[in-house]
There are 2 protein chains.
Amino acid sequence: MSDIKQDTEKNILAAASRVFIRKGMGGTRMQEIADEAQINKSLLHYYYRSKQLLFEAVFKNTVAEFILIIKEIFNSEEDLRIKIPKIVQVYTDYLKKNPYIISFILRELQAEPKIILKIIEMVNIKSLYFFEQIKENISSGKIKPIKPEDLFVNILSLTIFPIVAKPIVKAALMQNDSEKYNDFLEERKKTICEFIFSSIY
Amino acid sequence: MSDIKQDTEKNILAAASRVFIRKGMGGTRMQEIADEAQINKSLLHYYYRSKQLLFEAVFKNTVAEFILIIKEIFNSEEDLRIKIPKIVQVYTDYLKKNPYIISFILRELQAEPKIILKIIEMVNIKSLYFFEQIKENISSGKIKPIKPEDLFVNILSLTIFPIVAKPIVKAALMQNDSEKYNDFLEERKKTICEFIFSSIY
DNA sequence: AATAAATTTGACCAAATAGTTAAACTAAGT
DNA sequence: ACTTAGTTTAACTATTTGGTCAAATTTATT
């Protein structure tokens with residue numbers, strides 16, 4: 001019974017995630033979520049009381065997953081020559097599979113910027129090993145001086161932006177050809193790294 | 001009379017822009033726009049018939065402005081050593097002043113991706129002089145080989161992303177300190193260019 | 001000043017939508 | 001079989017919201 005309950009509850013959360021992530025808090029109708037989960041609308045309220053609470057559960061979940069990936073990958077102790085390509089690759093693949101996630105997070109964060117504070121507590125970004133690692137590599141002369149924050153932002157910018165801006169990039173540069181766009185992202189896994197390496201080595 | 005009419009009409013459009021850009025099509029209420037414009041809600045319909053048409057007017061306007069900047073700056077015939085820093089600077093300043101614009105465009109484009117096709121007709125991005133210029137600079141050995149599309153995307157990624165992701169960057173890396181974040185963006189005008197130059201020269 | 005045309009307003013409507021409630025159903029324990 | 005607690009449903013309510021309309025007001029024209 002409590003298995004069934006968990007099933008329904010998770011089913012709702014999963015359905016709500018799919019809809020919320022695609023359409024955002026404002027654009028989503030409770031009925032849509034109910035349809036997506038193939039259940040009655042009242043059940044949504046039974047399990048999550050209100051749209052707002054359901055949304056918050058989805059948002060928290062989504063960000064947590066996203067943060068977890070950052071944490072794991074930026075904390076790895078591999079050499080930067082291995083680690084940076086891995087960051088780029090893992091993020092590209094993840095975002096290609098879940099293309100709406102980043103836009104969703106950014107969109108909702110802009111509507112309600114306070115939420116981010118709680119989330120940032122979850123991971124103290126600056127305490128990631130990556131930041132220490134950059135300083136060490138600079139001290140020992142392995143890479144040219146650069147502010148770790150800049151390098152961090154650069155890696156994420158180069159990787160994430162072309163995916164967030166997919167409709168524009170695809171239409172403006174790829175003749176709106178999905179395969180071309182996809183190849184472009186695949187090739188960028190290499191070119192982004194070359195771009196970064198040529199500036200730090 | 002037609003002066004007043006234009007005043008009211010433009011007043012409505014300006015108010016609608018402010019609200020739509022902050023909250024998006026789905027999140028905006030017609031009453032909010034009326035309040036923002038300090039007029040009666042019926043007037044919105046009198047001038048623009050429906051929410052959809054008002055939104056389209058705003059969206060078209062916003063994108064047109066944004067495209068105009070791209071066009072002008074990427075078409076300039078200055079040397080890349082001058083041109084790239086100018087691109088970074090103009091865009092940073094523009095987006096700092098209008099921080100919601102990019103998110104707005106990306107958000108609405110994701111909800112309604114067909115619109116982009118009309119817009120792309122407005123500017124054939126690949127016909128911008130920038131693309132020719134890169135090829136010339138490579139041919140004459142002035143810069144290292146790079147696909148113009150990659151360089152184009154890299155410049156915009158490095159410049160735009162930290163501003164689109166403002167809430168995250170500010171909270172995660174800048175202790176949520178507005179001045180720190182602002183300084184960071186200002187310094188990046190230089191560091192982005194150094195980053196790019198070290199990879200193409 | 002009188003008339004006509006455009007503009008503005010407030011009251012109203014209909015559809016959409018979040019949320020409620022009571023009844024029906026299901027499964028577990030006795 | 002009966003009871004109880006948890007789950008699911010359908011019908012309903014209240015509110016929000018985009019949109020309409022006719023009357024009032026302002027502006028232009030004669």
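Note on naming: letters A, B, ... go to the chains in the order of the sequence lines (proteins, then strands), and numbering restarts at 1 for each one. No experiment lies behind these values; they were computed from the predicted model shown. Values reported hereafter were calculated over all heavy atoms of this structure, with side chains retained and with hydrogens, waters and symmetry mates removed.
- Centroid-to-centroid, the aromatic rings of A:F197 and A:Y201 come within less than 6.0 Å.
- We find that CD of B:E9 is positioned 14 Å from P of C:dA6, with the value rounded to whole Å.
- Within residues 17-42 of chain A, the residues approaching DNA chain C are A:T28, A:R29, A:M30, A:K41, A:S42, by heavy-atom distance under 4.0 Å.
- Heavy-atom neighbours of B:Q52 CD from other residues, nucleotides or ligands within 6.0 Å: above the threshold of 12.
- The stretch residues 182-201 of chain A participates, sequence neighbours left out, in these salt bridge (Lys or Arg N to Asp or Glu O under 4.0 Å) pairs: A:D93-A:K189, A:K96-A:E186, A:E186-A:K189, A:E187-B:K147, A:R188-B:D150.
- Between A:Y47 and the phosphate of D:dT8, there is a side-chain N or O to OP1/OP2 separation shorter than 4.0 Å.
- Rounded to an integer number of Å, the gap from CZ of A:F55 to C1' of C:dA18 is 16 Å.
- Atom CZ of A:R49 is separated from atom C1' of C:dT20 by 10 Å (rounded to the nearest Å).
- Listed nucleotides: C:dA6, D:dT8, C:dT9. Nearest to the side chain of B:L43: C:dT9.
- One finds a salt bridge joining B:K23 and B:E32 here, because a Lys/Arg side-chain nitrogen approaches an Asp/Glu carboxylate oxygen to under 4.0 Å.
- With rounding to the nearest 0.5 angstrom, the CZ atom of A:F66 is 7.0 Å from the OH atom of A:Y94.
- Nucleotide D:dT16 holds its P atom 16 Å from the NZ atom of B:K51, rounded to whole Å.
- Rounded to whole Å, the distance from CG on B:L44 to P on D:dG18 is 10 Å.
- In this entry the distance linking OH of A:Y48 with P of C:dT20 reads 17 Å, nearest Å.
- Two rings, from B:F74 and B:F152, have their centers less than 6.0 Å apart.
- Regarding B:Q52, its CD atom lies at a distance of 20 Å from the P atom of C:dA15, rounded to whole Å.
- Protein atom NE2 of A:H45 is 7 Å distant from nucleotide atom P of C:dA18, rounded to whole Å.
- The side chain of B:Y46 places no N or O atom within less than 4.0 Å of a non-bridging phosphate oxygen (OP1 or OP2) of C:dT8.
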